[in-house]
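All residue numbers refer to positions in the sequence shown, counting from 1.
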Amino acid sequence: MSSELKRIKKRKETKRELNKIYDNSENALIIHYSCESFYDIGDGRTPRVTSIAIRNLKTAQTESFSIHKIAERKRMPINEAQNRYDDLEKEMLDEYFEYIRTHQGFTFIHWNMRDINYGFSAIEHRYQVLGGNPHCIDDSRKFDLARAMVALYGREYASHGDHGRLHSLIELNKITKKGILTGTEEAEAFKNAEYIKMHQSTLRKIDIFPDILERTIDGSLKTNATWLDRYGVHPKIILDYIQQHWVWAIVVIISVILGIVKSLSVIF
């Protein structure tokens with residue numbers, strides 16, 4: 001199968017999966033988190049997690065887990081959190097993984113949470129480093145909205161720009177960016193122990209993801225994708241399809257010939 005046909009097949013599968021998730025939105029959770037910048041770490045460890053937010057796609061009810069909330073419960077000034085970061089992060093992740101344990105049957109919609117730098121495995125690893133035993137989400141229950149965008153609209157659907165495709169997509173669709181931090185701003189906020197600021201950015205992003213998802217479903221999402229990018233129609237695809245479905249090709253050819261003969265008979 002050619003790459004063009006594979007892309008069309010992938011697009012159909014992604015659209016079908018997206019519709020299935022949306023039809024069962026009560027069992028779908030949107031997740032996002034903020035963390036220390038992995039570009040600024042010089043000792044090889046994984047980034048510290050500062051906050052995690054999870055929102056039910058249907059009800060919009062949101063659960064959040066954050067360093068500053070744990071510190072507040074302990075009546076600890078936020079500027080002292082850095083001195084006890086491991087303890088606060090461990091307690092935050094205790095609560096997060098208890099939530100995961102009780103929501104194993106849900107689908108988790110995320111944006112690029114794919115690896116040890118930034119992803120589910122990064123959170124799990126942090127918890128293990130801090131002495132925890134994580135409840136892992138099965139890969140079949142994870143839906144990467146960022147990859148879905150590429151499958152549906154092609155790689156040029158939004159510019160990477162200075163801050164990534166998500167920020168470009170937000171600008172293209174004129175979605176308010178109030179409260180959203182860029183990667184650089186998050187790194188600076190972590191250095192300054194501005195954990196509340198990072199948490200507010202995480203909460204704002206999981207408010208935006210349902211908007212992007214709904215616009216994708218109803219076809220109103222604005223992107224830089226051309227018609228060809230979206231539908232992948234190319235002469236090569238037609239030839240590939242004919243080669244793989246030669247019976248239909250013969251039927252089409254015969255139909256065309258019969259149409260021509262009929263037209264000629266009418267003329268003469």
Side-chain angles (χ1 to χ4, degrees), residues 1-25 28-33 55 57-58 60 107-115 117-120 139-186 201-202 204-245:
M1 184 183 293
S2 71
S3 59
E4 287 86 358
L5 281 176
K6 285 179 180 177
R7 183 171 176 270
I8 288 177
K9 183 180 179 182
K10 178 64 176 175
R11 182 179 182 275
K12 287 181 178 178
E13 290 174 351
T14 300
K15 197 167 185 179
R16 186 164 52 246
E17 190 174 358
L18 202 56
N19 285 322
K20 183 180 177 182
I21 288 172
Y22 203 74
D23 289 341
N24 295 279
S25 56
L29 300 170
I30 299 167
I31 182 170
H32 197 67
Y33 78 100
R55 167 177 166 145
L57 181 58
K58 183 172 183 177
T107 296
F108 287 78
I109 303 167
H110 63 97
W111 189 274
N112 276 337
M113 288 175 55
R114 293 198 296 262
D115 55 42
N117 281 326
Y118 183 83
F120 293 98
D139 286 346
S140 64
R141 292 288 181 180
K142 301 171 186 174
F143 183 82
D144 189 344
L145 187 56
R147 292 191 70 190
M149 293 293 106
V150 173
L152 293 172
Y153 302 107
R155 295 188 180 280
E156 305 303 319
Y157 78 90
S159 169
H160 276 285
D162 295 327
H163 309 302
R165 285 176 172 151
L166 176 60
H167 286 266
S168 296
L169 198 60
I170 289 169
E171 290 179 356
L172 278 170
N173 288 274
K174 297 182 173 18
I175 300 171
T176 178
K177 296 192 292 182
K178 184 178 180 180
I180 294 178
L181 301 179
T182 64
T184 303
E185 290 169 338
E186 281 196 358
S201 175
T202 303
R204 180 66 188 119
K205 285 176 183 176
I206 65 164
D207 282 342
I208 288 173
F209 291 140
D211 192 357
I212 292 174
L213 195 149
E214 287 172 13
R215 295 188 194 203
T216 302
I217 293 286
D218 65 23
S220 65
L221 186 73
K222 294 179 181 179
T223 70
N224 289 332
T226 64
W227 194 87
L228 287 176
D229 288 333
R230 294 183 63 176
Y231 298 102
V233 177
H234 188 278
K236 189 175 185 302
I237 294 177
I238 299 173
L239 293 174
D240 287 340
Y241 189 84
I242 290 173
Q243 289 174 356
Q244 293 183 36
H245 302 83

Let me see the working for Leu221 and Tyr153 under side-chain contact (heavy atoms from CB on, under 4.5 Å), right down to the final yes or no.
-> CA-CA 10 Å; Leu221 186 73; Tyr153 302 107; 3.9 Å; yes

Could you state the interatomic distance from [atom1] ([X]) to [atom2] ([Y]), rounded to the nearest 0.5 Å?
X: Ile212; Y: Leu169; atom1: CD1; atom2: CG; answer: 4.5 Å
X: Glu186; Y: Leu181; atom1: CD; atom2: CG; answer: 5.5 Å
X: Leu29; Y: Ile21; atom1: CG; atom2: CD1; answer: 11.0 Å
X: Tyr22; Y: Asp218; atom1: OH; atom2: CG; answer: 8.0 Å

Could you tell me whether the side chain of Asp144 and the main chain of Asn112 form a donor-acceptor pair under 3.5 Å?
->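 Present.
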
Do Asn173 side-chain atoms and Ile175 backbone N/O form a donor-acceptor pair below 3.5 Å?
->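 The answer is no, because no donor-acceptor pair under 3.5 Å joins these two groups.
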
Heavy-atom pair of closest approach, residues [X] and [Y]:
X: Ile109; Y: Ala28; result: CD1-CB, 4.1 Å
X: Tyr157; Y: Ala146; result: OH-O, 4.3 Å
X: Ser168; Y: Ala158; result: CB-CB, 4.1 Å
X: Met113; Y: Tyr118; result: CG-CE2, 3.4 Å
X: Ala148; Y: Phe143; result: CB-CZ, 3.7 Å

Check step by step if side-chain contact (heavy atoms from CB on, under 4.5 Å) holds for Arg165 and Val150.
-> CA-CA 10 Å; Arg165 285 176 172 151; Val150 173; 3.6 Å; yes

Partner of Lys177 by side-chain hydrogen bond (donor to acceptor under 3.5 Å, both in side chains), out of His167, His163, Glu171 =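 The residue from His167, His163, Glu171 that satisfies side-chain hydrogen bond (donor to acceptor under 3.5 Å, both in side chains) with Lys177 turns out to be Glu171.
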
Find out whether Leu213 and Ile30 are in side-chain contact, i.e. whether some heavy atom of one side chain is under 4.5 Å from a heavy atom of the other.
->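 No, every pair of side-chain atoms sits at 4.5 Å or beyond.
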
Do the non-hydrogen side-chain atoms of Glu156 and Asn224 ever get within less than 4.5 Å of each other?
->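 A side-chain contact is absent here, since even the closest heavy-atom pair is not under 4.5 Å.
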
Is any NZ, NE, NH1 or NH2 atom of the basic residue among Lys142 and Asp139 found under 4.0 Å from an Asp or Glu carboxylate oxygen of the other?
->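 Counted as a salt bridge, because a side-chain N and a carboxylate O are separated by less than 4.0 Å.
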
Passing candidate, side chain to side chain contact (heavy atoms under 4.5 Å, CB included) with Thr14, options Lys10, Glu17, Arg11 |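 It is Lys10; the other options fail the test.
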
Extract all donor-acceptor atom pairs below 3.5 Å that involve side chains of residues 204-211 and protein atoms in other chains or at least two apart in sequence.
{"unit_1": "Arg204", "atom_1": "NH2", "unit_2": "Thr176", "atom_2": "O", "d": "3.1"}
{"unit_1": "Asp207", "atom_1": "OD1", "unit_2": "Arg55", "atom_2": "NH1", "d": "2.7"}
{"unit_1": "Asp211", "atom_1": "OD1", "unit_2": "Arg215", "atom_2": "NE", "d": "2.8"}
{"unit_1": "Asp211", "atom_1": "OD2", "unit_2": "Arg215", "atom_2": "NH2", "d": "3.3"}

Test Thr223 against Met149 for side-chain contact (heavy atoms from CB on, under 4.5 Å), laying out the working first.
-> CA-CA 10 Å; Thr223 70; Met149 293 293 106; 6.0 Å; no

Test log, rule side-chain contact (heavy atoms from CB on, under 4.5 Å), inputs His110 and Leu145 = CA-CA 6 Å; His110 63 97; Leu145 187 56; over 6 Å; no

Is the number of heavy atoms from other residues, nucleotides or ligands within 6.0 Å of CD (Glu13) greater than 12?
->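 Atom CD in Glu13 is packed in, count exceeds 12.
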
